[in-house]
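So the structure is just underneath, and the comments pick up after that.
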Amino acid sequence: MKSATQVEATPPPPSSISLGLNKMRSYEMVHHLVSCNAVVVFSMSDCCMSTVAKRLLFSLGVGPTVVELDEQADGPGIRSVLYQLAGSHQPVPAVFIGGKFLGGVQTLMASHINGTLVPLLKEAGALWL
Ligand SMILES: *[C@@H]1O[C@H](CO)[C@@H](O)[C@H](O)[C@H]1NC(C)=O
């Protein structure tokens with residue numbers, strides 16, 4: 001109880017610290033979403049590359065969990081977490097299968113073409129046949 005009182009009495013932290021906390025919250029949100037869902041697509045509703053990624057998964061019979069970052073309060077925070085994962089690449093769309101970061105639309109397409117995507121989806125429980 002003492003520590004809670006201290007937190008309340010503390011003035012708002014400097015912006016660098018609150019940014020760090022927000023980022024941790026965004027990271028936890030991403031982690032939670034990708035751990036609890038076989039296939040997750042972080043998307044922007046107006047991004048055609050996101051549409052391509054979603055369409056490919058739908059066409060395979062997968063119903064991915066889609067997170068439209070432009071419709072999320074924490075969209076920018078999640079985007080910055082994805083940006084770190086994707087390195088220099090475009091952070092959106094970001095596809096996660098079985099809790100693991102697969103990549104963007106290019107990796108998704110390439111995996112489909114070389115035949116590794118469907119086994120990955122089956123392994124994750126996203127496809128039965
Ligand atoms: C298939 O393509 C993906 C994405 O480029 C790559 O990571 C993977 O190593 C490739 N696998 C094979 C067996 O070619």
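Counting convention: from 1, in listed order, for ligands and their atoms alike.
Environment of CZ in F101: crowded, with over 12 heavy atoms of neighbouring residues, nucleotides or ligands closer than 6.0 Å. Counting non-hydrogen atoms of other residues, nucleotides and ligands closer than 6.0 Å to CD of E123 gives a total of 12 or fewer.
Proximity of a side-chain donor or acceptor of T51 to a complementary backbone N or O of C47 within less than 3.5 Å is detected. The closest donor-acceptor contact from the side chain of T65 to the backbone of V40 lies at 3.5 Å or more, if one exists at all.
Per-residue contacts place T107 under 4.0 angstrom from the following atoms of ligand 1 (heavy atoms of the residue considered): 4 (C). Every atom of ligand 1 is numbered from 1 in the order shown, and the set under 4.0 Å from a heavy atom of T116 is 1 (C), 11 (N), 13 (C).
By the definition of a contact as any protein heavy atom under 4.0 Å away, atom 14 (O) of ligand 1 is in contact.
Protein heavy atom nearest atom 5 (O) of ligand 1, with residue, atom name and distance: A110 CB, 3.5 Å. Of the protein's heavy atoms, S111 OG, 3.5 Å lies nearest to atom 4 (C) of ligand 1.
Atom CG of L102 sits about 4.5 Å away from atom CD1 of I97, to the nearest 0.5 Å.
Of the polar atoms of N114, at least one N or O is found under 3.5 Å from an N or O of ligand 1, judged by distance alone.
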